[in-house]
Amino acid sequence: MRKPFPFDEFESKWQTYWDKNQTYRTANPGDEGFDATKPKYYVLDMFPYPSGAGLHVGHPEGYTATDIIARYKRMKGFNVLHPMGWDAFGLPAEQYAIKTGQHPRITTEANTENFKKQLQAIGFSYDWEREVNTTDPDYVKWTQWIFLKLYNSYYCEEAQQARPVSELEEKGMTSKEIDKLRLAFTHEAPVNWSPDLGTVLANEEVDEWKAKGHTVERRPLRQWMLRITKYAQRLIDDLDDLDWPESIKLLQKNWIGKSEGATVKFEVQGSVGASPASDAEGSVGEIEVFTTRPDTLFGATYMVIAPEHPLVNEITTPDNKDAVEAYKEGCVLKSDLERGEMNKDKTGEPTGAFAINPANGERIPIWISDYVMMGYGTGAIMAVPAHDVRDFEFAKKFNIPIQCVVGAPALPYTEQGVVVNSGFLNGLSTAEAKAKMIDWLEESEKGSRQINFKLRDWLFSRQRYWGEPFPLLWDKETGEHTCVPESDLPVLQPEMEDFKPTGDPRGPLVKAENWINYSDQYTRETNTMPQWAGSCWYYLRYCDPRNTERFISEQAEDYWSGDDSAMVDLYVGGTEHAVLHLLYARFWHKVLFDLGLLSTKEPFKKLVNQGLILGEDGNKMSKSIGNVVNPDDIIKEYGADSLRLYEMFMGPLEQVKPWQTNGVDGVSRFLAKVWRLASEQNQEGEWEVKTNFQNEATSDKDLLKALHQTIKKVGEDIENLAFNTAISQMMVCLKTFQDYEKENGLPLQEFTIFLQLLNPFAPHLTEELNKLIGNDTLLSSQDWPAFDESKMVESEKTIIVQVNGKLRARLQVPAGMSKEDLEEMALATNEVKSFTDDKTIRKVIVIPNKLVNIVAN
RNA sequence: GCCGACGUGGUGGAAUUGGUAGACACAGUUGAUUCAAAAUCAACCGCCUUCGGGUGUAUGGGUUCGAGUCCCAUCGUCGGUACCA
C-alpha cells in the first residue's frame, strides 16, 4: 500500500539519530553541559509493569501527553527530567516460572526489551540513560536500604515525625520495647492467605485476585507491617497543597477515613467465667466502645461486640455459651465478602451479659454480631437503634427497645437535630450535645475524645520468590530479629529452579537451605516485599540512577526538588493507582523527609489521571473479548506521528473514550497535507522537495493572524493539557497555509514556526520537513515561538443582532464601534424591523464587539 | 446504600467571565479528476418545515435581556466504596 507520506522512511531514521546523539539527555548538576540558570521541570509517567502481552494503545496515551509537555518545556527553556523505567517484580513472571520452569528474570528481561522497543518506536523523548528497573540488583539494594531506614525508625509522637530508633536505645529501652515501635514491625493477626498463590495478600489486593479465580482465606500468621497509620493525619492534611484532581483527593481521604468522636466505657455487669450473670452483683469489668455520636448516648439500648472480641468468652453466661460458640464458628468460615453480602439480614446472639449505660445508668444487653468488626475502633459499639440504620435493623429483628433521643419525623433518623430524652443534653443541637457529652465523659472519667482512622497498617510481606527479600535476620537462640549489615546489600534471592508454593507460610525461599542459613547465629527472613516497594521511590532514583554511594545524591535531590514542596512537577497515570500506589509513595516520601534525607514533604505536585481507552466496541480492552489494539499495527499502517496525534486528538486526556482506528485517518490526512506543502510526488511516485519557496517574511495579514492565533492557542492548550483543541487549531491554521501556498508559494519563515508548534506532537515529520526546507538546526533545540498580539488584532468584528435573545442578523463593523452606533445600526436592519414592527422596543443591550440584543413585546 | 464524576448530531468531541450551539475530525451524500479504482480536491451534512421560519445541549421547573454553561428537582451512565459505629 502506498503511504500518504513516507513516514516509514524517516521515522526510524530520526529515532536512531536522537538515540545516537543523545538529543534528549538530561544533565544533572556536575554533568557536562549542565546549565544552572535553567529552571528544572520534572515530568513523570507511571512506569509500566512489562507484561508478556506488550503495549496496548492505552499505554501511549499518558506517555504521549507527558512527551508533548516535556518537549514543550524544553523549548520554553527548562531543564526537563523525563524518564522511563520498569516496575518489573510481580506475580505473572513468577507464575509463568511455576508453569514453565523459566526463571522470572529471563521472562522479565524479554518483556522489558519488548516494551522498550515498542516505546522507542513511538518516538518518546525519554532520557534512556536514566532507565531504571526495580529488579536490578543495584536498584534492589536501595529499596532494601530504604526499608532498613523504616525498620530503624520509630514515630515520635511529640515531634510528629519519624526518628531513628537509636534515640530510644540511648534512652535505655530494651530491644523488645523498641521492636514494638519500629515503623517496620512484625504482627501476628488474621491475614488474607491464598493457598493456591501460596502468599498473603493486602486487604486491598484481595478482590483483585479473587476476581482472577484464586481462593483467599483468613488465617492468623506473623507478618511484617509498615506503620502507615502514624501518618494518617499528615497524609490527609498535606493533600491540601497538592494540585491533584479533587476527586482523587477525596478518594484518598475516604480511604484514610478519619472519624471524630469519643470512646465510652461501659461497665459490664454479671459474672466472669462460670456463674450466670443474674447471680452476680456490681461491676466485673468494662468494655470500651468508639462512637462518632456521643450525643446519642442516652439512646444506647444495647451493646454489640465483634465475635472475635477477646472478652466474648469471659462475659458469656453458661446459658448462652453454646449458641455464642456456634455463632463464632460460623463467622470464621464466612469470608469477608460473604460477611459483606449478608448485610441485608442481620444476625447475632445475646451473650447473656449486661452493661450499664453510663449516661442514664440503665442496664442494657450485650450481643455479639458480625456487623461489628474487630479491626475498627475497639471492636465494640454502643447501639443506638433510633439513630443508626444498622442498629435499627438489628433492634427490629431481635425486638430490642428503641429509644429516640433526637427530635425526628421518623426512625431511624441519622441526621442532626435537637436532642430530647437525654437529661442534661435536652434542647441542645447535635454539635453542642457532642461537645457537652465529651466534656462530661472526660470529667467523670467514663470516656474521652477520640479520633479514629479506617486506614490500617500496611501488610508488607509476601511469600513469593520474585520480589525483594527482607534484609533481615533471626537470631536462632533468642528468636529476635535484626538487620543485615549495610555492606550485605543487596540481598538477592538465591538461584532456584522450583518456584512452586510449598504451602509453608514462610514462602518458597524456605527451600533454599544454604541461603537461609546466614551464620551459626542467624537465619534469614524468607519473606519478600510486595510489588509496591519498588514503585514507592522510583521517581527519586531517576534523579541519580547510577549512584552507587547513595539512593540519590544530596546535590541531585536538592536540584530536582527545586523550591517547591513537592518534587515531581507533573505526574500522569491511571486512576487505578489513585489510592494505593499514590498513598504508599507519599508515606515513604514523608518518612525519608522526616529522616532528613529529602527536602520535600510530598512526592508529586500535580497529578493528572488519563482516562481509559476502550476498545472499538466500547468495552474495556481485553484479550478475551479480542478488542485489544496494538500500537505496533497502527505505527505500521499510519506511522508513529499519526498514532501520537490520534491519541491526543480523541478527546480530553482525562476522559474515558473508545478507540476508533478509522479516526486515525483524520490525523494522518492532516499530517499528509502538512507534508505536501513542502513536498510533491514525481511521475515515478518519488517524493521531491518543492521549489516554490518564499524566503522573505510574508506580510499577508490573514496568514499572520492565523499563525499568531495558533501560537497562542497551542501554547495555552499544552499548558492546560488540552491537546485535542491544540491539534484542531493547527488543522485550521494549516488551511490558511494551503490557500496561501497555492498563490504565493510556501512562506518558509512562517512555515518553520508552524513546524515548531507541531513538533512536540509529531516530532519525526516536523524534524524531517524542517531539514527538507533547508533549516539545519533541530526544532527540538529551538525556543518556543512567541506570539504577537498586534498581528492578531481583528480590524472587523461580526456583531450578533438578537431580538428577544434570538439571532436575527449579523453586522460586519469596524472593531471598537461605540454602543450608540451599534444600537443604531442594529435597529436599522431589515431583520430587526420585521421582527419588531408590531412590538414596542423595551430595552436594548449592547456588548461592544460582540452583540446587540433588542427586547421587544 | 453512601461518596464522586458526567449526560451536546449517526460517532469522537468544540464552545473564555452566562453572549452566533455543534469548531475540528470520523462516518455518510453529491460532484471534479481517472479507462477504472485508490488517493486527492470541492460542496453538503442536528431535527421539523408550507422554505417565512420553528425547534434543539438527558427530563421538568427556576434565575436572566440572554442559559449547554448558574440554581432546584427527577431520570440515566460511569467510577470509587461497602455494615468503619
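Every chain is numbered from 1 and lettered A, B, ... according to where its sequence line falls, protein lines coming before strand lines.
Nearest nucleotide to the A/Ser728 side chain, out of B/C83, B/A15, B/C24: B/C24. The side chain of A/Lys843 lies closest to B/C65, out of B/C65, B/C24, B/U20. Nearest nucleotide to the side chain of A/Asp665, out of B/A14, B/U20, B/A27: B/A27. Considering only the side chain of A/Tyr371, B/C83 comes nearest among B/C83, B/A85, B/A27. Set against B/U20, B/A27, B/C65, the side chain of A/Val855 has B/C65 as its closest nucleotide.
As judged by a 4.0 angstrom heavy-atom cut-off over every strand, A/Lys253 is placed among residues making no nucleic acid contact. If you check every strand for non-hydrogen atoms under 4.0 Å, A/Pro652 touches sugar and phosphate atoms only. Residue contacts shown for A/Asn724 are limited to sugar-phosphate atoms, with no base heavy atom under 4.0 Å away. Within 4.0 Å of A/Asn853, counting heavy atoms only, lies at least one base atom of the nucleic acid. Looking at heavy-atom distances under 4.0 Å, A/Leu251 makes contact with sugar-phosphate atoms alone, never a base. In this structure, A/Arg842 reaches neither bases nor backbone, as no heavy-atom distance under 4.0 Å exists between it and the strands shown. At a threshold of 4.0 angstrom between heavy atoms, the contacts of A/Lys713 with the nucleic acid are absent.
A search for side chain to side chain donor-acceptor pair (under 3.5 Å) contacts involving A/Tyr413 returns nothing, not counting sequence neighbours. Looking at residues two or more places apart in sequence or on another chain, you find a side chain to side chain contact (heavy atoms under 4.5 Å, CB included) between A/Asp240 and A/Lys253. Every residue two or more places apart in sequence or in another chain that forms a salt bridge (Lys or Arg N to Asp or Glu O under 4.0 Å) with A/Glu61 is listed here: A/Lys657.
Separation of the C1' atoms belonging to B/U20 and B/A15 is 11 Å when rounded to the nearest angstrom. A distance of about 15 Å separates the P atoms of B/G66 and B/G56, rounded to the whole Å. The separation of B/G10 from B/C47, taken at their C1' atoms, amounts to 13 Å, rounded to a whole angstrom. B/G22 sits 32 Å from B/A38 when the C1' atoms are compared, rounded to a whole Å. Only the C1' atoms considered, B/C6 is 14 Å distant from B/G13, to the nearest whole Å. Rounded to whole Å, the C1' atom of B/U49 lies 10 Å from the corresponding atom of B/U55. Rounded to whole Å, the P atom of B/G19 lies 11 Å from the corresponding atom of B/U69. Of the C1' atoms belonging to B/C44 and B/G60, the separation is 36 Å, rounded to the nearest Å.
Following rounding to the nearest Å, A/Ile256 (CD1) and B/U81 (C1') show an atom-to-atom distance of 15 Å. As a whole-Å value, the separation of A/Phe723 CZ from B/A25 P is 20 Å. A/Lys850 has its NZ atom 15 Å from the P atom of B/A15, to the nearest Å. If you measure from atom CD1 of A/Ile727 to atom P of B/C26, you get 13 Å, rounded to the nearest angstrom. As a whole-Å value, the separation of A/Ile248 CD1 from B/U81 P is 11 Å. Between A/Lys839 atom NZ and B/C65 atom P the separation is 17 Å, expressed in whole Å. Between the CG atom of A/Asp717 and the C1' atom of B/A23 there is a distance of 13 Å, given to the nearest Å. Per the geometry, CZ belonging to A/Arg293 stands 20 Å off P belonging to B/C83, to the nearest Å.
At most 12 heavy atoms of other shown residues, nucleotides or ligands fall within 6.0 angstrom of atom NZ in A/Lys396. By the neighbour-count criterion of 12 heavy atoms within 6.0 Å, atom NZ of A/Lys397 is densely surrounded, having more than that number from other residues, nucleotides or ligands. Annotation: A/Glu824, atom CD; neighbour count of heavy atoms from other residues, nucleotides and ligands within 6.0 Å does not exceed 12.
Checked for salt-bridge contact, A/Lys249 and A/Glu246 meet the test: a charged N lies under 4.0 Å from a carboxylate O. Under 4.0 Å is where a charged nitrogen must lie from a carboxylate oxygen, and between A/Lys328 and A/Glu308 no such pair does. A salt bridge links A/Lys712 with A/Glu716: the distance from a Lys NZ or Arg NE/NH1/NH2 to an Asp or Glu carboxylate oxygen falls below 4.0 Å.
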Audit row: A/Phe649, A/Phe723, ring-ring contact (aromatic ring centres under 6.0 Å, His included) steps and yes/no: CA-CA 7 Å; A/Phe649 189 61; A/Phe723 305 109; over 10 Å; no

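Judged purely by distance below 3.5 Å, without hydrogens or angles, the side chains of A/Thr301 and A/Gln403 never pair a donor atom with an acceptor atom. Between the side chains of A/Glu260 and A/Thr292, no donor-acceptor pair of N or O atoms lies under 3.5 Å.
Regarding contacts with the backbone of B/C41, a side-chain N or O of A/Arg676 is found under 4.0 angstrom from either OP1 or OP2. Considering only side-chain N and O atoms, A/Arg808 lies under 4.0 angstrom from the phosphate OP1 or OP2 of B/G54. Phosphate proximity of B/A85 to A/Lys346: absent, as no side-chain N or O sits under 4.0 Å from OP1 or OP2.
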Bracket string, RNA chain B, 5' to 3' - pairs by Watson-Crick or G-U geometry under 3.5 Å, | interstrand: (((((((..(((......[....))).(((((.......))))).(((....)))..(((((..]....))))))))))))....

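Anti is the conformation of B/G79, whose glycosidic angle sits further than 90° from 0. Taking the O4'-C1'-N9-C4 or O4'-C1'-N1-C2 dihedral as appropriate, B/G9 has a value within 90° of 0 and is therefore syn.
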Atom pairs, N/O to N/O, protein against nucleotides 45-47 of chain B, distance under 3.5 Å?
none

List, with names and distances, any nitrogen or oxygen atoms from the protein found under 3.5 Å away from nitrogen or oxygen atoms belonging to nucleotides 2-12 of chain B.
{"from": "B/U11", "atom 1": "O2'", "to": "A/Gln660", "atom 2": "NE2", "distance (Å)": "3.0"}
{"from": "B/G12", "atom 1": "O4'", "to": "A/Gln660", "atom 2": "OE1", "distance (Å)": "3.4"}
{"from": "B/G12", "atom 1": "O2'", "to": "A/Met650", "atom 2": "O", "distance (Å)": "2.6"}

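Of all the heavy atoms in A/Ile228 and A/Trp458, the pair that sits closest is CG2-N, 3.9 Å.
Judged by a 6.0 Å distance limit and a 45° cone about the ring axis, A/Arg456 is not positioned over the six-membered ring of A/Trp255. A cation-pi contact links A/Lys346 to A/Tyr371, judged by a cut-off of 6.0 Å to the six-membered ring centre and 45° from its axis.
Residues A/Lys258 and A/Met731 each lie close to RNA chain B; by heavy-atom proximity, the contact nearer the 5' end of the strand is made by A/Met731. Of the two residues near RNA chain B, A/Thr798 and A/Tyr376, the one whose nearest nucleotide lies more 5' is A/Thr798.
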